[in-house]
Number of protein chains: 2
Amino acid sequence: MDKQTRLIETSIRLFHEKGFHGTPTSLIAKEAGVANGTLFQYFRSKENLILQAYTSIKEEMGRYVETTQTGAGTIMGHMKSVLSSSITWALDHPLKFDFIQQFHTSPYLQKVEQETIEKYKRPHMDMIQEAIDQKVFKPLPKELIYTLISSHTFGMYQYLRANEVASHERNEVIETGLDLLIKMIS
Amino acid sequence: MDKQTRLIETSIRLFHEKGFHGTPTSLIAKEAGVANGTLFQYFRSKENLILQAYTSIKEEMGRYVETTQTGAGTIMGHMKSVLSSSITWALDHPLKFDFIQQFHTSPYLQKVEQETIEKYKRPHMDMIQEAIDQKVFKPLPKELIYTLISSHTFGMYQYLRANEVASHERNEVIETGLDLLIKMIS
DNA sequence: TATCTTTATGACTGATTAGTCAATCAATCA
DNA sequence: TGATTGATTGACTAATCAGTCATAAAGATA
C-alpha cells in the first residue's frame, strides 16, 4: 500500500473510533507509519483528508457493486442485484460504511461538491426512473422512492451488523428484506 | 428558560452547525449568555453536556409522542399514530432530530448507559411484539422489524425535510408512507 | 561518482481549548 | 443592616493541535 492509501485507511479507522475532531493528524501519521509533515504532502489539510477518505470509499464501493453485476435481464433483477451487492460490501467493510454514515450526518457533507454527490446518486435514480417508466414501481415521487430504498437498505445492514447472523442465513435475510422492499414499492 | 436549558439548546444548534468537537465550550457559553465557567457548574464536562443534550431530546420527543396518543383501538392504529407523531415532531424540530442522528453515528453513543437506550426502545419493541402475537405482523425477527420501521420512518423524515412539501401534502405523504410500511410487514 | 530532483522528516509555532479558581455578586434571612 | 450562602464571573493554565519549514534522505540521471 502506498503512503496516501495507508493514510486514508488509517484515518478511516481512527475517525470511526474517535470521531473526526477527536483524531489528531499526528496520530494518523504515526499509525500510518509516516512522519507528521508527510501527511500534509499528500493532503492539503485535515479537511481535505476527510473529504478524500469519503470519496475514496464511495468510489471503492461503486466499483465493487459494478463488477458484481452480471447483466440481469429485468430492471427488477438488476435493482435487487445492486442492492444485494451494496449490503454485502457494507457488511464486509463495516468500518468504511460506518464512516460514510458518520460523514453524512456531519457538517463536512456540505463541503462535498454538489456535482460529486450527483455522480454517486445518478445510477440509482436512473434505475428508479426506468422502473417507474415500465410501471414496475408505483408512480410515487422519484426522490421519495430513492430515499425509502436507501433507508431500507441501510436498515437491513444495521440489523445484520448488530445481530450475529450465520453467513448462509445472512443471504436469506438479504433476500427476504429485499423482497419486502420490492413488494412495497411495486 | 433557565441557564441549563439555554446551554443545552444553544449547544444543540452549534453542534449541528459545527460538529461536536468543532464547537468550543466557550462559544456555547457566550451564545447562551453566560460566563465560561458557568457552563461547568451545570455540566461536569463537555462530554457530559453532549450526553445530556442527547437524553433531553429523546425525553422531549418521547413526551410529545405520548401526549398525542388518544388511545387508538387497534394495535395498528396505535402504531401508525406513534410513527406519525414521531415524524411530525422531527419535522418541527429538525435541528434536534438531526442532532440525534449525528449522535447515533458518533463514538459518544457508546457512552450512553445500555439501560437508557433500552428505556427508549422498549415501548416500540412491546408494540411490535404485540403486533406479532396478534398475527398482524409477519413472523420476522423482532429486531429486524424494529430496524426496518425505524429506517423507513427516518427515510420519510429525510424526504420531507429535503423536499419542500406543502403542509397539507405533508400529512398525505406521511399517510402514504406509513401505509406502504404497514403493508410491507403485515 | 557527482549533481539534481523528489520525497520524507520531525522539531517547532501560533492558535485554540477544556477546565480551574479566586474574586465578585445576588439573594435570603436573622 | 450585616452575615451567610450559593450562584456567577472571566482571567488564567496546561495541554493539545493543525500546519510549516529547514534539513536530510532517497532516487534518478548522466
Side-chain angles (χ1 to χ4, degrees), chain A residues 1-57 95 99 102-103 105-113, chain B residues 1-57 95 99 102-103 105-113:
Chain A
M1 259 202 288
D2 65 8
K3 293 202 171 78
Q4 183 163 0
T5 312
R6 235 159 58 216
L7 282 164
I8 288 183
E9 300 276 326
T10 305
S11 72
I12 289 167
R13 177 170 56 79
L14 290 171
F15 289 150
H16 179 258
E17 285 167 22
K18 304 147 105 42
F20 294 130
H21 293 265
T23 307
T25 52
S26 55
L27 184 64
I28 297 169
K30 194 171 146 194
E31 302 236 334
V34 302
N36 217 317
T38 305
L39 187 148
F40 291 93
Q41 290 226 322
Y42 290 95
F43 306 96
R44 192 178 323 113
S45 64
K46 187 180 178 181
E47 178 176 304
N48 186 254
L49 165 61
I50 293 171
L51 294 177
Q52 282 205 49
Y54 174 71
T55 49
S56 91
I57 294 175
L95 241 67
F99 174 96
Q102 194 178 343
F103 186 91
T105 60
S106 82
Y108 288 108
L109 178 60
Q110 311 212 314
K111 307 267 180 158
V112 180
E113 309 268 348
Chain B
M1 257 200 292
D2 64 9
K3 293 202 170 77
Q4 181 163 1
T5 312
R6 236 159 58 216
L7 283 164
I8 288 183
E9 299 277 324
T10 306
S11 71
I12 289 168
R13 177 171 56 78
L14 290 171
F15 289 150
H16 179 258
E17 283 167 23
K18 305 147 106 42
F20 294 131
H21 293 265
T23 307
T25 52
S26 56
L27 184 64
I28 297 169
K30 196 172 146 194
E31 303 235 336
V34 302
N36 217 318
T38 306
L39 188 149
F40 291 94
Q41 290 227 320
Y42 290 97
F43 307 96
R44 191 179 323 112
S45 64
K46 186 179 178 182
E47 177 176 305
N48 185 253
L49 165 61
I50 294 171
L51 294 177
Q52 281 205 48
Y54 173 70
T55 49
S56 91
I57 295 175
L95 241 67
F99 174 96
Q102 194 179 344
F103 186 91
T105 61
S106 82
Y108 288 108
L109 178 60
Q110 311 212 315
K111 306 266 182 160
V112 180
E113 309 268 349

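In the text below, chain A, chain B and the rest are named by the order of the sequence lines, each starting its count at 1. Scope of the values below: all heavy atoms of this structure, side chains included, with no hydrogens, waters or symmetry mates.
- For the atom pair B:Tyr108 OH and B:Tyr54 OH, the distance stands at 15.0 Å (nearest 0.5 Å).
- Take B:Leu95 and apply the side chain to side chain contact (heavy atoms under 4.5 Å, CB included) test, not counting sequence neighbours, and it matches B:Arg13, B:His16.
- Here the C1' atom of nucleotide D:dT16 and the NZ atom of A:Lys30 are 14 Å apart, to the nearest Å.
- Partners of B:Lys30 according to the side chain to side chain contact (heavy atoms under 4.5 Å, CB included) rule, which considers only residues two or more places apart in sequence or in another chain, do not exist here.
- Atom CG in B:Leu7 sits about 10 Å away from atom P in D:dT8, given to the nearest Å.
- Residues A:Gln52 and A:Gln4 have side chains in contact (heavy-atom distance under 4.5 Å, counting atoms from C-beta outward).
- At a threshold of 4.0 angstrom between heavy atoms, the contacts of B:Tyr42 are confined to the sugar-phosphate backbone, with no base atom among them.
- Side-chain contact check for A:Ile8 versus A:Phe43: some heavy-atom pair is nearer than 4.5 Å.
- For B:Glu9, the side-chain hydrogen bond (donor to acceptor under 3.5 Å, both in side chains) partners at least two apart in sequence or on another chain are B:Lys96.
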### Summary
Intra- and inter-strand pairing of DNA chain C, written as dot-bracket with Watson-Crick and G-U pairs under 3.5 Å and | for the latter, reads ||||||||||||||||||||||||||||||
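- Taking atom CD on A:Gln4 and atom P on C:dT7, their separation rounds to 12 Å, with Å as the unit.
- Atom CG in A:Leu27 sits roughly 16 Å away from atom P in C:dG10 (whole-Å rounding).
- Every pair passing salt bridge (Lys or Arg N to Asp or Glu O under 4.0 Å) that includes a residue from residues 34-53 of chain B is listed here, sequence neighbours excluded: B:Glu47-B:Lys111.
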Below 3.5 Å between N/O atoms, which protein atoms pair up with nucleotides 17-21 of chain C? Just atom names and distances, please.
residue : atom : partner : partner atom : Å
C:dA18  : OP1  : B:Lys46 : NZ           : 2.8
C:dA18  : OP2  : B:Thr25 : N            : 2.8
C:dA18  : OP2  : B:Thr25 : OG1          : 2.9
C:dG19  : OP2  : B:Lys46 : N            : 2.8

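- For the atom pair A:Phe103 CZ and A:Ile12 CD1, the distance stands at 11.5 Å (nearest 0.5 Å).
- For the pair A:Gln41 CD and D:dC21 P, the computed distance is 13 Å after rounding to whole Å.
- The CG atom of A:Leu39 sits 12 Å away from the P atom of D:dT20 (whole-angstrom rounding).
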